[in-house]
Amino acid sequence: MRRAVVPGSFDPVTLGHLDIVRRASQLFDDVVVAVGTNVSKSRLFDADERIAMMRRACSDLDNVSVEGFTGLVTTFCADRGATAIVKGLRAASDFDYELQMAQMNSSLTAVETVFLPTSPGRGFVSSSLVKEVAGLGGDVSAFVPAFVSEQLRARLG
Ligand code: PNS
């Protein structure tokens, strides 16, 4: 059985993330979405909230489960017997850092990173921009699930 991990901070989950998770679920037998913390980013939703949102958003995908993780993503992959990390690439600007992480991760443990190009029309969608737009009163309903839109409104006013 081929298991992949899709790691991210998902603060909050966007339709871009869900597109990558869905496509990963078609490529692998089993997918674990690993909700972690990016130490270089500030957070709006805490870990439990982000895990709950991701679980709800993935509830229609039979071979996808969602777990929180702390520590190294490679340790999480080894503990779960996952042989691949799946990451979405939006633009060339994502590539340098993602390549560095992929090479570091494969140096730490035997795990491959598989990059999936973001679907056309989703390349500009990021959690950071969604939070900025929602915080300034903009409509983000085209970029996140409806229930996430509501949670953003409740949190940011
Ligand atoms: O959605 P993000 O913010 O790009 O997610 C980044 C995340 C959480 C996947 C990344 O920061 C990560 O893997 N953190 C776990 C700690 C770790 O393994 N660091 C070394 C990476 S080479």
Side-chain angles (χ1 to χ4, degrees), residues 2-25 27-28 30-58 61 63-119 121-135 140 142-145 147-149 151-152 155-156:
R2 295 259 174 215
R3 172 171 290 152
V5 163
V6 182
S9 41
F10 308 115
D11 184 40
V13 58
T14 68
L15 297 182
H17 295 135
L18 293 175
D19 175 56
I20 297 297
V21 172
R22 183 187 51 78
R23 286 160 61 203
S25 77
L27 290 172
F28 291 89
D30 185 72
V31 169
V32 183
V33 179
V35 180
T37 297
N38 186 334
V39 286
S40 59
K41 291 181 185 169
S42 59
R43 265 157 289 138
L44 179 63
F45 295 102
D46 69 26
D48 288 343
E49 290 171 319
R50 287 180 282 124
I51 292 166
M53 282 192 271
M54 186 52 101
R55 285 208 173 117
R56 186 165 168 188
C58 293
L61 299 172
N63 62 339
V64 175
S65 57
V66 178
E67 292 183 46
F69 82 104
T70 53
L72 288 172
V73 69
T74 48
T75 306
F76 182 84
C77 290
D79 289 349
R80 299 296 179 284
T83 50
I85 292 172
V86 176
K87 289 286 196 92
L89 279 187
R90 284 172 300 205
S93 53
D94 282 344
F95 184 71
D96 285 348
Y97 185 52
E98 290 294 345
L99 178 65
Q100 229 182 333
M101 283 203 287
Q103 290 173 335
M104 175 59 84
N105 286 333
S106 68
S107 304
L108 294 172
T109 192
V111 67
E112 289 289 356
T113 296
V114 176
F115 292 126
L116 295 183
T118 306
S119 293
R122 297 231 187 273
F124 61 94
V125 179
S126 70
S127 297
S128 307
L129 277 184
V130 161
K131 283 183 282 194
E132 182 174 333
V133 171
V140 293
F143 316 124
V144 295
F147 75 88
V148 173
S149 244
Q151 282 183 249
L152 280 165
R155 184 63 51 97
L156 295 168

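Both ligands and their constituent atoms are indexed starting at 1 by order of listing.
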Out of T37, N38, I85, who gets a non-hydrogen atom closest to atom 14 (N) of ligand 1? T37
Answer yes or no: are there more than 12 heavy-atom neighbours, outside R155 itself, under 6.0 Å from its atom CZ? yes
Show the atoms of ligand 1 that are less than 4.0 angstrom away from any heavy atom in [X].
{"X": "G71", "result": "15 (C), 16 (C)"}
{"X": "K41", "result": "2 (P), 3 (O), 4 (O)"}
{"X": "M104", "result": "22 (S)"}
{"X": "F69", "result": "15 (C)"}
{"X": "G8", "result": "1 (O), 5 (O), 9 (C)"}

Donor-acceptor contact below 3.5 Å, side chain [X] vs main chain [Y]:
{"X": "R23", "Y": "T118", "value": "no"}
{"X": "S126", "Y": "L129", "value": "yes"}
{"X": "N105", "Y": "V73", "value": "no"}

Any idea how F69 and F76 line up, ring-wise: parallel (<30°), tilted (30 to 60°), or perpendicular (>60°)? tilted
Looking only at non-hydrogen atoms, find the nearest pair between K87 and I20 and report the distance. C-CG2, 4.5 Å
Locate the shortest heavy-atom distance separating K131 from P12; write the atom from each residue and the value. CG-CD, 4.0 Å
Taking distance alone, with N or O pairs closer than 3.5 Å, would you say [X] contacts ligand 1?
{"X": "S9", "answer": "yes"}
{"X": "M101", "answer": "no"}
{"X": "N105", "answer": "no"}

What protein heavy atom sits nearest atom 20 (C) of ligand 1, and how far away is it? L72 CD2, 4.1 Å
Atom 17 (C) of ligand 1: any protein heavy atom closer than 4.0 Å: yes
Sub-4.0 Å protein heavy atom next to atom 10 (C) of ligand 1: no
For the aromatic rings, using the six-membered ring if either is Trp, is the centroid distance between F10 and F45 under 6.0 Å? no
